[in-house]
2 protein chains.
Amino acid sequence: VDFLKSVTQAVKRIAPLIRETPVQHSRYFSDLTGAEIFFKLENLQYTGSFKLRGVANCLLSLPEAVLQHGVITASSGNHGAALSYALSRLGAKGTVYVPENASSTKLDAIRRYGAEVRVFGEETGQSELQARLVAEEKGIPYVSPYNDIVVIAGQGTVGFELANQLENIDAVYVSVGGGGLISGVGGYLKQLNPDIEIIGCMPENSPVMAKCAEAGEIIEWPVLPTISDGTAGGIEPGAITFEYCQQYVDDYVLVAEDEIRTAMRRFMDNEHMLLEGAAGVAIAGLGRMAKRLAGKRVVVVICGANISRQTLLNVIQ
Amino acid sequence: VDFLKSVTQAVKRIAPLIRETPVQHSRYFSDLTGAEIFFKLENLQYTGSFKLRGVANCLLSLPEAVLQHGVITASSGNHGAALSYALSRLGAKGTVYVPENASSTKLDAIRRYGAEVRVFGEETGQSELQARLVAEEKGIPYVSPYNDIVVIAGQGTVGFELANQLENIDAVYVSVGGGGLISGVGGYLKQLNPDIEIIGCMPENSPVMAKCAEAGEIIEWPVLPTISDGTAGGIEPGAITFEYCQQYVDDYVLVAEDEIRTAMRRFMDNEHMLLEGAAGVAIAGLGRMAKRLAGKRVVVVICGANISRQTLLNVIQ
């Protein structure tokens, strides 16, 4: 895939729906690590997460007539809220399938912008299968959270902005769940400059892509609960992100739950912004890679801000 | 005073110590008010408040030899932390007088960057008198939090940045305590364009400058506790900010404590950043001025982010 071309196209396409987010130098984390640390603030993206970029690129690549028949997705998190927001901005309709265990906070975030919510199945995998089935039956598009090159190119616009906002980047730390964000950012930046290191950050409790990389194929791996709900869970069989991660991710770093919490507290105390667990994972990754950081210019992607009040209380108390 | 000149000088002088903060459009607050609402994000300033600007302008206007003999101030809040930070960046020393009732969180923020903390008096007024006394005895500079044109010009750089970042501003909402921020921002913007409305926002529980404006002179006014600790308290006799406020503030809006809390929650939920009570006051001010907002382009200055964990818990719970 020519990421330089597909991401550059996405940048123009999604401009009306997204915000170019700031890159901000952090004195505190620079002092802490001996590196020059910058944060790419996707926590300040509309809907509070980078997911809007991929969704916007997908919806805006559809013919208007197709879009007006509605779209379907499955998600209990940021992807669903981003789809709902983008649809409301475009005056179109859509349905988001969610599992029975989805939290009311998350359902509110999806409903808030107007998308219809349908509850199906005991976990996201089941609601995803149902959503795909209905999409096929009705002949309307299914918007994948990560397993779609158009969505991945949308997420890659984070890398495009970075390259324009900051010179001489040595390394970029990105949280990995399904791998859509790191595939887009890594694909774009590596094709631009193969010397930029791309580090994938994951919770020890849900390290699926890292374990797949080790195994050289998509495998199942047991997952435990994690505060990084945004990156939790397995990877679809045949997911195209696996190949991109093999090609563009230099290394993985796994972090413990208490490291994620500490990272979140430090970020809130010193950068004065909210962040979600998935973003804390990338910051925690820095701590584990101390030896590789000294004297380098490093960007950490803060992928999202959506933290429930209860989780926030648990982190700061 | 020629604010255009003194603020423009300050912009160049303080550039090495401060961060130009973003102006960010808010879809949520725009929808809520029917206006085009932008936030000027001084919560993202180093040390988490605009106070660094005034302090930096003051310190950098001192001859190097004077600076190296140290400076003194009195503050239990953002001004003290900003001074401590600026001194550490400049390799200089200083002492911050604080009252006995100052919270440990705030003392930590001051000590963290290396300034010496001295406890004196039962409230800030007393520590201020003592600090001024010691400064005079030792012949070293006292850095006033607001009653100094050099400090005010530093705060005015917020207005300079705004004018360069955003065209056709109709109104700017600014929280008022001692009046340093609104004097600088109002003085600069009004001299640039007299049609820009400058609205001062204050807690009902501590509305001193608004009451002084009504009385036409600096008066004492009883104050109650407020979540907006950053703007609480009286105004020094002879404070130069009184005259600037008379000249440049078009109107005052007073807000209740529950309005401040609601504003803070809405900002955190929708803009995904932390803010302190004093910043909540300016957002709450929008709600009270609904009739004046429709169709206008309005900037709200988010003056700071320093909220203690306990206050944050109280607001979100």
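Here the structure is a predicted model, which means the values were calculated and not measured.
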**Student:** What pair of heavy atoms forms the shortest contact from A/Arg309 to B/Ile316, and how long is it?
**Tutor:** CD-O, 3.2 Å
**Student:** Of the listed residues (B/Gly48, B/Gly304, B/Ser26, B/Pro22), which shares the most heavy-atom pairs with chain A below a 4.5 Å separation?
**Tutor:** B/Gly48
**Student:** Under 4.5 Å heavy-atom distance to chain A, tell me which part of B/Tyr85 shows up: side chain, backbone, both or neither.
**Tutor:** side chain
**Student:** Could you check if a side-chain atom of A/Leu274 sits within less than 4.5 angstrom of a side-chain atom of B/Met273, using non-hydrogen atoms only?
**Tutor:** no
**Student:** May I ask you to test the B/Arg89-A/Arg27 pair for a side-chain heavy-atom distance under 4.5 Å?
**Tutor:** yes
**Student:** Among A/Met268, A/Gln317, A/Gln24, which residue has the highest count of heavy-atom pairs closer than 4.5 Å to chain B?
**Tutor:** A/Gln24
**Student:** Which answer fits B/Gln310, side chain, backbone, both or neither, if we ask what part of it has an atom under 4.5 Å from a heavy atom of chain A?
**Tutor:** neither
**Student:** Quick check on A/Leu275 against chain B: is it the side chain, the backbone, both or neither that has a heavy atom closer than 4.5 Å?
**Tutor:** neither
**Student:** Which one of B/Leu312, B/Leu44, B/Asn43 has the most heavy-atom pairs closer than 4.5 Å to chain A?
**Tutor:** B/Leu44
**Student:** Could you tell me if the side chain of A/Ile307 sits less than 4.5 Å from the side chain of B/His272, heavy atoms only?
**Tutor:** no
**Student:** Take atom CD in A/Glu167; do more than 12 heavy atoms of anything else shown fall under 6.0 Å from it?
**Tutor:** no
